[in-house]
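Given the structure is predicted, the values throughout are model-derived calculations rather than measurements.
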Amino acid sequence: MIVPRRVALRSLFTLTVAAFTGGALARIVTAPRRPPVASGDTFDEMYGGRRIQARPTSAGVQEVLVDGRPLHLMRCADGGYLTPIDHYQTYPTPLAATRAAVDELGSAPLSRFAAAHGAHPGGSSRGVHA
């Protein structure tokens with residue numbers, strides 16, 4: 001039986017996609033898990049005239065405060081951190097990210113909406129912005 005060219009190409013394409021998908025999923029499954037926030041990531045200091053604090057919460061995430069207002073830290077895929085204040089640059093530690101946010105803020109106060117995405121008035125309840 002002769003297989004038509006279209007069927008052969010479609011089968012070859014399907015096998016290729018399945019092979020690459022399997023390889024990508026295998027890398028994700030075997031990747032080491034990130035440890036929860038370590039107790040060494042806690043700090044309480046004055047920097048740039050502001051009090052910056054960080055401590056782990058019961059949920060296993062880290063709460064960062066600048067002058068008593070929460071600052072949202074986001075963990076990047078490379079293990080670094082970034083903030084909504086300076087979200088174009090990643091930093092190796094939560095302390096470095098918080099210091100960079102303080103440097104970027106200057107004398108401006110931290111917004112009460114810098115704690116989480118989608119928490120501002122008019123934002124979507126699902127955290128989606130268009």
CZ of Arg75 to OH of Tyr81, rounded to nearest 0.5 Å, is 3.5 Å
What's the separation between atom CD in Gln53 and atom CE in Met46, rounded to the nearest 0.5 Å?
10.0 Å
Would you indicate whether the side-chain heavy atoms of Val102 and Val66 approach each other to under 4.5 Å?
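Yes, their side chains come closer than 4.5 Å.
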Side-chain touch Pro70/Val64, heavy atoms, less than 4.5 angstrom
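The answer is no, as the side chains (C-beta and beyond) never meet within the 4.5 Å cut-off.
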Exercise: identify the closest heavy-atom pair between [X] and [Y]:
X	Y	result
Pro84	His72	CD-O, 3.0 Å
Pro94	Gln62	CG-OE1, 3.2 Å
Ala97	Thr83	O-CG2, 3.9 Å

Should [X] and [Y] count as an ion pair when the cut-off is N to O under 4.0 Å?
X	Y	value
Glu104	Arg99	no
Asp67	Arg50	yes
Asp44	Arg55	no

How does the hydrophobic cluster around Leu12 look, that is, which other residues are in it when side-chain heavy atoms under 4.5 Å mark a link?
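For Leu12, no cluster forms, as it stays isolated from other hydrophobic side chains.
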Co-members of Val17 in a cluster of I, L, V, M, F, W and Y side chains, linked at under 4.5 Å
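Traced through the cluster, Val17 reaches Phe13.
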May I have the step-by-step check of side chain to side chain contact (heavy atoms under 4.5 Å, CB included) for Ile52 and Glu45, ending in yes or no?
CA-CA 6 Å; Ile52 57 175; Glu45 66 178 51; 3.6 Å; yes
Honestly curious: do [X] and [Y] fall in one hydrophobic cluster under the side-chain, below-4.5 Å linking rule?
X	Y	value
Ile85	Phe43	yes
Leu65	Leu95	no
Tyr47	Tyr91	no
Leu105	Leu73	yes

According to side chain to side chain contact (heavy atoms under 4.5 Å, CB included), who are the partners of Ala8, at least two apart in sequence or on a separate chain?
Val3
